[in-house]
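First comes the structure, then the notes that go with it.
Numbered from 1 within each chain, the chains take letters A, B, ... in sequence-line order. Source: prediction; values computed, not measured.
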Number of protein chains: 2
Amino acid sequence: MSVEVPEDGIVSAILGAVAEQRLPAGTKLTEAALAEMFNCNRANVRRALAALAAQQVVDLIPNRGAFVVSPSPKEARDLFQARRAIERVIAREAAANVTADDIALLRRNVADEAEAKARRDHPTELRLSRQFHQELARIAGNQVMDRILADLTMRSTLIIGLYGRATLSNCAEDEHSGIVSALEAGQADTVVALMDAHLRHLESHLDFSAPRQRASSLQDQILGGASLVA
Amino acid sequence: MSVEVPEDGIVSAILGAVAEQRLPAGTKLTEAALAEMFNCNRANVRRALAALAAQQVVDLIPNRGAFVVSPSPKEARDLFQARRAIERVIAREAAANVTADDIALLRRNVADEAEAKARRDHPTELRLSRQFHQELARIAGNQVMDRILADLTMRSTLIIGLYGRATLSNCAEDEHSGIVSALEAGQADTVVALMDAHLRHLESHLDFSAPRQRASSLQDQILGGASLVA
DNA sequence: TTATCAAGTTTTGTTAACAATTTGTGTCAA
DNA sequence: TTGACACAAATTGTTAACAAAACTTGATAA
């Protein structure tokens, strides 16, 4: 496939921070700060921000800078409808192609997610929840839908950060577990129905009455204390 | 929504050239040539290319440059499956929301497309065919799927350029016309079925045995003789 | 207190120069 | 003719400096 370009390190670090909700919607991404953070020059930062803008993860406002996008309620609804369209097909294809190894991997993912939740390790929980959906896309074997889903789940994370109810539990791992069982049983229609219900469930837990906000240091948000190549 | 950045002129000009098959797959996009073509500096060109790479319209190869992507047969199949997933939902939503004005607009589009075909104005025909699908996305009212579809139809154009049979007629305008009629009649299920069949028809006309190639001057390909803001 | 304005500071935008890599060309020898 | 090699040209990658715009701060006046 396509060869990775150097500053994809910046892009994936920022995406990783968004995926773990360390970078909330609306955060300003200052060029000089990113350049110092990644030991590179501003030109590469600007290229990375342009790429993130094309993926609709940041807004580029002329003479103002780059900001993590803040999806509107309408966009949130549109996005979940798009996810249902894509993930229903992914679910069906995954059911057709799943192997025993895949089942084991998925069960491990569900278990890790439950454990992260028990530990109240919210970033890890979020990352694993997203990873579950991406794993299904991989099993389905359609790389175009895989990429589309990666973009959509990234923004879903932002949406949940903005509009998710305080009762943070996304209650997801039970539903994830059910999907794995249906996959193992080879019940394609059930897998599709469970996925659709799961996504509707996620969407139904959004509260558009009052978007939340947060902030902390850019450094912590992007590097997250851990290594940036992660 | 997101504010447009300056060098989006470069991005949209290149996308327009791809959409009309003036820029075939594999074409090298030299930075200096683009910079002179758009009277800007290389920094902006590089940002534009980074954005196009994020949209998967160009491949960025380190130290080699930017090339219009050449989708593989596998990617072509994956992409059409993704289009069916998205456009089936778009078709259903469009059927629910379509107005009389929309119908008139669509009929006009179909007529223009037929006329362009009669004139053997292949670029215009391609542009209008793509525009038909985008118009349905607009009517459906889901901006997330609208954007996804824009990306997919862009690459579909490249795929058709690469693998389309010599019998260029995409035979599309009849099928487009049928979709409009079903929309007007309010037969949502029929619209969905026709759209699905239409996309399968398009895909079935691909020939993966021997990808075609072409070349001409970058200047003509991107600017296409016409104004670049188009 | 509140609003306005004018500094100064920070941040983004632009440009040019230079370095590093790749590509093209021509020569020479087998 | 073919291949290897060296050299030149073209292209991409990097950096720093400067210009332009936006933001912050603090003083002033109603």
Side-chain angles (χ1 to χ4, degrees), chain A residues 2-14 17 23-70 213 215-219 221-222 228, chain B residues 2-14 23 25-70 213 215-219 221-222 228:
Chain A
S2 82
V3 178
E4 301 300 318
V5 286
E7 76 274 6
D8 274 359
I10 308 178
V11 171
S12 53
I14 292 178
L23 265 183
T27 306
K28 167 144 196 204
L29 300 173
T30 305
E31 294 179 3
L34 294 174
E36 192 185 10
M37 199 177 296
F38 293 99
N39 294 313
C40 68
N41 48 33
R42 276 177 54 218
N44 283 332
V45 171
R46 285 166 77 77
R47 288 219 304 167
L49 291 175
L52 289 166
Q55 301 180 39
Q56 295 167 287
V57 171
V58 310
D59 274 337
L60 245 38
I61 303 180
N63 290 320
R64 296 279 316 284
F67 302 82
V68 178
V69 295
S70 290
Q213 289 293 37
S216 69
S217 91
L218 248 195
Q219 170 88 25
Q221 287 170 354
I222 292 184
L228 56 132
Chain B
S2 81
V3 179
E4 301 301 317
V5 286
E7 76 275 7
D8 274 359
I10 309 178
V11 172
S12 53
I14 292 178
L23 265 184
T27 306
K28 167 146 196 198
L29 301 173
T30 304
E31 294 179 4
L34 293 174
E36 192 185 10
M37 197 176 298
F38 293 99
N39 294 314
C40 68
N41 47 36
R42 276 176 53 216
N44 283 332
V45 170
R46 285 167 76 78
R47 288 220 303 168
L49 291 174
L52 288 166
Q55 300 179 41
Q56 295 166 287
V57 171
V58 310
D59 274 336
L60 244 38
I61 303 180
N63 289 321
R64 296 279 317 283
F67 302 82
V68 178
V69 296
S70 290
Q213 290 292 36
S216 71
S217 89
L218 248 196
Q219 170 88 22
Q221 287 170 353
I222 293 184
L228 55 132

[X] [atom1] to [N] [atom2], straight-line distance once rounded to whole Å:
{"X": "B/Arg46", "N": "D/dT14", "atom1": "CZ", "atom2": "P", "value": "7 Å"}
{"X": "B/Asp59", "N": "D/dT12", "atom1": "CG", "atom2": "C1'", "value": "16 Å"}
{"X": "B/Ile10", "N": "C/dT14", "atom1": "CD1", "atom2": "P", "value": "10 Å"}
{"X": "A/Leu29", "N": "C/dT11", "atom1": "CG", "atom2": "P", "value": "13 Å"}
{"X": "B/Phe67", "N": "D/dT11", "atom1": "CZ", "atom2": "P", "value": "12 Å"}
{"X": "A/Ile61", "N": "D/dA22", "atom1": "CD1", "atom2": "P", "value": "12 Å"}
{"X": "A/Asn39", "N": "D/dT14", "atom1": "CG", "atom2": "C1'", "value": "15 Å"}
{"X": "B/Leu49", "N": "D/dT11", "atom1": "CG", "atom2": "C1'", "value": "13 Å"}

Stepwise side chain to side chain contact (heavy atoms under 4.5 Å, CB included) test for A/Ile61 and A/Phe67 | CA-CA 8 Å; A/Ile61 303 180; A/Phe67 302 82; 4.1 Å; yes
Without swapping roles, check the side chain of B/Asn41 against the backbone of B/Asn44 for a donor-acceptor pair under 3.5 Å.
-> yes
Just compare D/dT11, D/dG13, C/dT12 and give me whichever is closest to any side-chain atom of B/Thr30.
-> D/dT11
OP1 or OP2 of D/dT12 less than 4.0 angstrom from a side-chain nitrogen or oxygen of B/Lys28, does that happen here?
-> yes
Could you tell me whether the phosphate oxygens of C/dT12, OP1 or OP2, come under 4.0 Å of any side-chain nitrogen or oxygen in A/Arg64?
-> no
Rounded to the nearest 0.5 Å, what's the gap from [atom1] on [X] to [atom2] on [Y]? Could you check?
{"X": "B/Glu36", "Y": "B/Thr30", "atom1": "CD", "atom2": "OG1", "result": "11.5 Å"}
{"X": "B/Ile14", "Y": "B/Leu34", "atom1": "CD1", "atom2": "CG", "result": "5.0 Å"}
{"X": "B/Ile10", "Y": "B/Leu49", "atom1": "CD1", "atom2": "CG", "result": "8.0 Å"}

Considering non-hydrogen atoms only, spot the tightest contact between A/Val11 and A/Gln55 and give its length.
-> CG1-NE2, 4.1 Å
Give me the distances for all protein-to-nucleotides 15-21 of chain C N/O pairs that come in under 3.5 Å?
from, atom 1, to, atom 2, distance (Å)
C/dT15, OP2, B/Asn41, ND2, 2.5

Quickly, which of A/Arg42, A/Arg47, A/Arg64 forms a salt bridge (Lys or Arg N to Asp or Glu O under 4.0 Å) with A/Glu31? Name it, please.
-> A/Arg42
